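Predicted model, so just to flag it, every value in this text is computed and none were measured. We use all heavy atoms of the structure for the numbers below, so side chains are in, but hydrogens, waters and symmetry mates are not. Both counts, for ligands and for their atoms, begin at 1 and track the order of listing.
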Amino acid sequence: MHIRTATLNGVQAIEIARPEKKNALTVEMVQAMADALNAARADKAVRAVLLTGQPGIFTSGNDIEDFMQRRPGEGGADPADAPVFRFMRALLECDKPVVAAVTGAAIGVGVTLLLHCDFVYVSDEARLAMPFVGLGLVPEFASSLLVPQLMGQRRAAEKLLLGEPFTAEQAVDCGIANAVLPAAEVVRHARRVAERFNALPPGAVCEAKRLMRAPQREQVLAAIRSEGELFSARLRSPEAIEAFTAFFQKRKPDFSRF
Ligand code: COA
């Protein structure tokens, strides 16, 4: 299985483990992550969740081949029922603290999911990017709302319209991450932070987290819905098909005919 889960010292670890494909997330993997988050939420023994990847790679985002073959909303199905949206809801609804250890490159949903974690620690070797537009897509997971809020429209435009990659230091500077750690330290440090919740009262922690998220909850859900509709439609667009085809043919996409 490409998603490994383990509960240890009150921490539910969810590890993305598909290094041969740069931890690209298939439909099965996002479903497994949603299930693990929902299980963590329901398990009284779990005080916090730790989300990690592999050395050198956190995740390269959604699996592009899956996207071409199993698009959310295919065959008239409601895109909101697609596993990727179930995963988004599970992360949003997780009222226990979620700590992310960004062990390496984070791309696409690998970055946008961080916007919904409570603590984010990034390896000094990591590069992050949200290349949705370059793939013929639009930002997702409320990133069109939260990224401009976090860092202002100017810096958000660099990351969301140009899809410019950014460093771990820049991720801290623009409010996406808490701290940069040496690559060999990032998981250990994130786990130590997650384990601190063993010494705190769980009811107060969950209610504080809910309060911190409540003012924006409806806006975030509305953004996820409207982005999701556009994103699903754009997966079928000639622009996206050209971008995905170019990725697998290991060439630059050519958008000159659009
Ligand atoms: N979906 C599907 N397959 C992916 C993938 C993704 N998101 N990311 C990487 N892979 C696959 C590659 O196709 C390749 O498969 P192959 O060995 O069968 O050819 C393998 O993983 C290794 O990737 P490769 O690109 O050769 O590694 P790299 O070290 O040169 O580059 C990345 C790593 C992450 C920078 C690069 O793979 C990348 O840009 N991936 C796409 C990221 C992306 O656009 N994600 C957004 C999706 S919405």
Side-chain angles (χ1 to χ4, degrees), residues 2-3 16-33 51-74 79 82-88 91 100 102-116 122-144 146-147 158-168 170-171 176 183 223-224 227-255:
H2 298 304
I3 299 297
I16 309 169
R18 195 189 177 208
E20 69 285 4
K21 291 288 180 185
K22 301 289 169 184
N23 276 359
L25 298 168
T26 60
V27 165
E28 288 75 20
M29 289 165 73
V30 286
Q31 183 60 58
M33 289 164 77
L51 196 52
T52 71
Q54 298 300 305
I57 183 81
F58 181 60
T59 167
S60 62
N62 283 300
D63 185 297
I64 294 175
E65 203 172 332
D66 246 26
F67 260 177
M68 292 175 81
Q69 287 167 6
R70 300 190 280 178
R71 301 174 174 99
E74 200 84 293
V84 68
F85 293 109
R86 278 192 227 144
F87 164 66
M88 290 182 188
L91 186 54
V102 182
T103 48
I107 303 177
V109 72
V111 178
T112 58
L113 71 82
L114 302 176
L115 303 169
H116 305 278
V122 190
S123 151
D124 54 0
E125 292 169 2
R127 293 288 177 277
L128 299 88
M130 293 177 279
F132 302 111
V133 167
L135 290 167
L137 303 172
V138 292
E140 39 82 298
F141 217 163
S143 55
S144 62
L146 298 174
V147 173
E158 291 169 350
K159 290 167 183 65
L160 288 175
L161 296 184
L162 289 173
E164 271 183 6
F166 50 105
T167 62
Q170 288 168 322
I176 288 182
I224 289 176
E227 290 168 345
E229 279 164 21
L230 276 173
F231 192 98
S232 304
R234 290 215 60 89
L235 283 171
R236 297 166 181 76
S237 69
E239 291 175 359
I241 290 164
E242 164 58 12
F244 297 163
T245 308
F247 175 72
F248 288 114
Q249 293 176 348
K250 300 192 188 290
R251 62 169 171 85
K252 272 192 182 313
D254 175 6
F255 300 118

Inset, instruction - Write out the residue and atom name of the closest protein heavy atom to atom 1 (N) of ligand 1, then the distance separating them to 0.1 Å. - result: Ile64 N, 2.9 Å
Inset, instruction - Return yes or no for this condition: an N or O of Phe231 is under 3.5 Å from an N or O of ligand 1. - result: no
Inset, instruction - Would you tell me which option among Ser60, Pro19, Gly163 has the nearest heavy-atom contact to atom 42 (C) of ligand 1? - result: Ser60
Inset, instruction - Look at the side chain of Glu140 and the backbone N and O of Gly228, then say whether any donor-acceptor pair between them is shorter than 3.5 Å. - result: no
Legend entry - Within reach of ligand 1, part of Ala24 (heavy-atom separation under 4.0 Å): side chain
Inset, instruction - State whether the shortest distance between N or O atoms of Asn62 and N or O atoms of ligand 1 falls below 3.5 angstrom. - result: yes
Legend entry - pair Glu164-Gln170: side-chain heavy atoms closer than 4.5 Å: no
Legend entry - Side-chain donor/acceptor of Asn23 to backbone N/O of Phe58, under 3.5 Å: yes
Legend entry - Asp66 backbone acceptor or donor facing Gln69 side chain under 3.5 Å: no
Legend entry - Minimum-distance protein heavy atom relative to atom 27 (O) of ligand 1: Lys22 CE, 3.3 Å
Legend entry - 4.0 Å protein heavy-atom contact status of atom 13 (O) of ligand 1, strictly under: yes
Legend entry - Heavy atom of protein inside 4.0 Å of atom 29 (O) of ligand 1, strictly below: yes
Inset, instruction - Give me the ring orientation class for Phe231 and Phe132: parallel if the planes are under 30° apart, tilted from 30 to 60°, perpendicular past 60°. - result: perpendicular
Inset, instruction - Write out the residue and atom name of the closest protein heavy atom to atom 41 (C) of ligand 1, then the distance separating them to 0.1 Å. - result: Phe247 CE1, 3.5 Å
Legend entry - Atom indices of ligand 1 within 4.0 angstrom of Glu20 heavy atoms, with elements: 20 (C), 21 (O)
Inset, instruction - Could you tell me whether Ile107 approaches ligand 1 through its side chain, its backbone, both or neither, with non-hydrogen atoms closer than 4.0 Å? - result: side chain
Legend entry - From the candidates Arg18, Lys21, Glu140, the one that places a heavy atom nearest atom 15 (O) of ligand 1: Lys21
Inset, instruction - Measure Met130 to ligand 1 on non-hydrogen atoms and call it side chain, backbone, both or neither using the 4.0 Å cut-off. - result: neither
Inset, instruction - Specify side chain, backbone, both or neither for Leu135, according to which of its non-hydrogen atoms lie closer than 4.0 Å to ligand 1. - result: side chain
Inset, instruction - Please confirm whether the backbone N or O of Phe141 pairs with a side-chain atom of His116, one donor and one acceptor, at under 3.5 Å? - result: yes
Inset, instruction - Compute the minimum heavy-atom distance from Arg127 to ligand 1 and say whether it is under 4.0 Å. - result: no
Inset, instruction - Report yes or no: does Arg127 contribute a side-chain atom to a donor-acceptor pair with the main-chain N or O of Phe166 at less than 3.5 Å? - result: no
Legend entry - Atoms of ligand 1, numbered as shown, that sit under 4.0 Å from any heavy atom of Lys250: 19 (O), 26 (O)
Legend entry - Electrostatic pair Glu28-Arg70, nearest N-O below 4.0 angstrom: yes
Legend entry - Cationic N near anionic O, under 4.0 Å, Glu229 to Arg234: no
Inset, instruction - Output yes when a side-chain donor or acceptor of Thr103 lies under 3.5 Å from a complementary backbone atom of Ile57, and no otherwise. - result: yes
